[in-house]
There are 2 protein chains.
Amino acid sequence: MIVRQAANVLDLLEYFSGIQRPASLAQISKDMGWPRSSTFNLISTLIKRGFLYEPKPRGGFYPTPRWLALANEIAAANPLPTQAVDLMQDLAELSGETVWLAAPNGQQAVILAVIQSTHAIRYTADVGKQVPIHLTASGQATMSQMSRQQVSAILKKATFTQYGDGTPMSVPEVEEAIADGLQQGWFSSASAYSQDLGGVSVPLTIDGLHYSITVAGPLFRVEHQMPETALQMHLAIKRHFGSSYMHDNLSNLHALSP
Amino acid sequence: MIVRQAANVLDLLEYFSGIQRPASLAQISKDMGWPRSSTFNLISTLIKRGFLYEPKPRGGFYPTPRWLALANEIAAANPLPTQAVDLMQDLAELSGETVWLAAPNGQQAVILAVIQSTHAIRYTADVGKQVPIHLTASGQATMSQMSRQQVSAILKKATFTQYGDGTPMSVPEVEEAIADGLQQGWFSSASAYSQDLGGVSVPLTIDGLHYSITVAGPLFRVEHQMPETALQMHLAIKRHFGSSYMHDNLSNLHALSP
DNA sequence: ACTAGGTGTCCACATATGTGGACAAAAGGG
DNA sequence: CCCTTTTGTCCACATATGTGGACACCTAGT
């Protein structure tokens, strides 16, 4: 069951992050398609709790910096290692494509950090976006670090929807993709979940937690250089983490090195 | 009407900001006093939306950096001028007490930024905290920048509760406090809303928006030096903003200068 | 292997909740 | 100035929602 008013709070947060200026009750109500009275209730709750305020009288409502203060404290406790951020930055510059870090989350992989490509035509993903763990390179790369049991637990519940013409459509296909990825040291996908999107992912274990790093962009731009990209990624990881980072399964990544 | 599930989201956010580590469903349910099934619903909603994830399987849930990403975008749009932040920093060092910036918000004043005192015994306020606008120095300082009509609109709806032994208990008392504050260029309170808390506030107009800056601490430490504090504040404001910042009503602040 | 205690998940019903509509007050236009 | 529009606010009822309890699964300890 989805908790509507909880989702509404999130919607509102995203709304303000989008418009980036105060909005009146009526404005919000219209933009969100909520009844005025319901909007009023939600807004007054947020105001009462100090999460929303009226920067100037009759000038509309806007979130207080309290969101930022709390989010900062939360993020400070689980920081992504600066190494990982540096690595991403490095890869973003080398490849010019969008780079992200993802973690497994049940049947999905969540994006925890992104650096957008600077290309005019690029894939845009936001932090918090989720993709099916078994259908995407990002997800498969995280799965490659799990035990056989964990993987099969995920695949048991997996469903298959044809999102693009590269979508794997059966459990064996996914198992094979993971096996291949483990062998060659990197994972790729092409129009698997997002049509016309191609990407290369490598697994990364930090502090015992399993992540994946992905470099992705429009298929026409990335598809012909996946092995080179994978090699770049591998070398970059080595630069930033040494060799200690690697999951046991990944010793064969070395095969990539010249 | 308070929207319960919206408030629950906020509670959860504050909860994680407090414990700063992943918590299992059962843990959350216990700590929050929510039924397990309700907790489940709320959590799965947040997960589905990419605001919560499971850093490691069976290792509890934790907010994703998406909160931070959104809060950053929101805060970036309405930045408090760096001048104001610098000013606060300056005052915090000079006084050693807690310093905050507040804005009017209906019948309350919201705290938008705080720098905590370094003293062992100090007043602790968080961003987003609200105090009655008519009872506190912070609030009165913001009101002093409003038109006569706006002030009386607020006072018309005002209610009086004796929070401490310095709480003003009638509209005329508040009006007098504002008049006095305008005349001397600063506002003070002592045990008005928080018992044993004393503070000095000065009004501040930035980009046409009305704020107040407050230096506050335990009454025994601050009560005997309020005029000196006010002078320090006034000089600091002059340093950081020049004289242009001042609201028309405040020209008499100059009286403080040596 | 089996139990005990832990986890997350699901569903039907009672109850708490969202909402249409009516309101007052302010803002804007002629 | 009055009239119109738009603002925020309130309430009673119908309806959408939270929740107790039962379940399946997993882990740890005997």
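Excluded from the calculations below are hydrogen atoms, water molecules and symmetry mates; all remaining heavy atoms, backbone and side chain alike, are included. In what follows, chains are A, B, ... by sequence order, proteins preceding strands, each numbered from 1.
Between B:F160 and B:L135, the closest side-chain pair of non-hydrogen atoms falls below 4.5 Å. Contact of the B:S201 side chain with the B:W186 side chain is not registered, since no non-hydrogen atoms from C-beta on lie closer than 4.5 Å. Residues B:L70 and A:D126 fail the side-chain proximity criterion, which asks for heavy atoms closer than 4.5 Å. Looking only at side-chain heavy atoms (C-beta outward), B:L10 and B:Y15 stay at 4.5 Å or farther from each other. No side-chain heavy atom of B:Y53 sits less than 4.5 Å from a side-chain heavy atom of B:I47. Using a 4.5 Å cut-off on side-chain heavy atoms (C-beta onward), A:I237 and A:Q83 make no contact. Between B:S194 and B:Y123, some side-chain heavy-atom pair lies under the 4.5 Å cut-off. The shortest side-chain heavy-atom distance between B:V99 and B:V114 does not fall under the 4.5 Å cut-off.
Comparing A:K157 and B:I2, the nucleotide of DNA chain C nearest to each residue sits closer to the 5' end for A:K157. The residue among B:K156 and B:F61 whose nearest nucleotide of DNA chain C is located toward the 5' end is B:F61. When each of A:S24 and A:V3 is assigned the nucleotide of DNA chain D bearing its nearest heavy atom, the one mapping closer to the 5' terminus is A:S24.
Whole-Å rounding puts the B:I154 CD1 to D:dG8 P distance at 16 Å.
The footprint of chain A on DNA chain C, defined by a heavy-atom cutoff below 4.0 Å, extends from C:dG18 to C:dA27.
Shown for residues 26-47 of chain B: residues whose heavy atoms fall under 4.0 angstrom of DNA chain C, namely B:A26, B:R36, B:S37, B:F40. Within a heavy-atom distance below 4.0 Å of DNA chain C, the residues of residues 4-19 of chain A found are A:R4, A:Q5.
Within the structure, the salt bridge (Lys or Arg N to Asp or Glu O under 4.0 Å) test picks out the following pairs touching residues 6-16 of chain A (sequence neighbours left out): A:D11-B:R49, A:E14-B:R49, A:E14-B:R66.
For A:T142 and A:S212, the side-chain atoms include no donor-acceptor pair closer than 3.5 Å. In summary, the side chains of B:T167 and B:Q162 do not present any donor paired with an acceptor at a separation below 3.5 Å, with no hydrogens or angles considered. At a cut-off of 3.5 Å, with distance as the only test, a side-chain donor of A:Q5 or A:N8 sits close to an acceptor on the other residue.
Summary for the helix from C:dA1-D:dT30 to C:dG30-D:dC1: the axes at its two ends, each from 5 pairs, differ by 40° when rounded to the nearest 10 degrees.
Partners of B:P63 by side-chain contact (heavy atoms from CB on, under 4.5 Å), not counting sequence neighbours, listed by chain and number: A:I74, B:F16, B:L52, B:W67.
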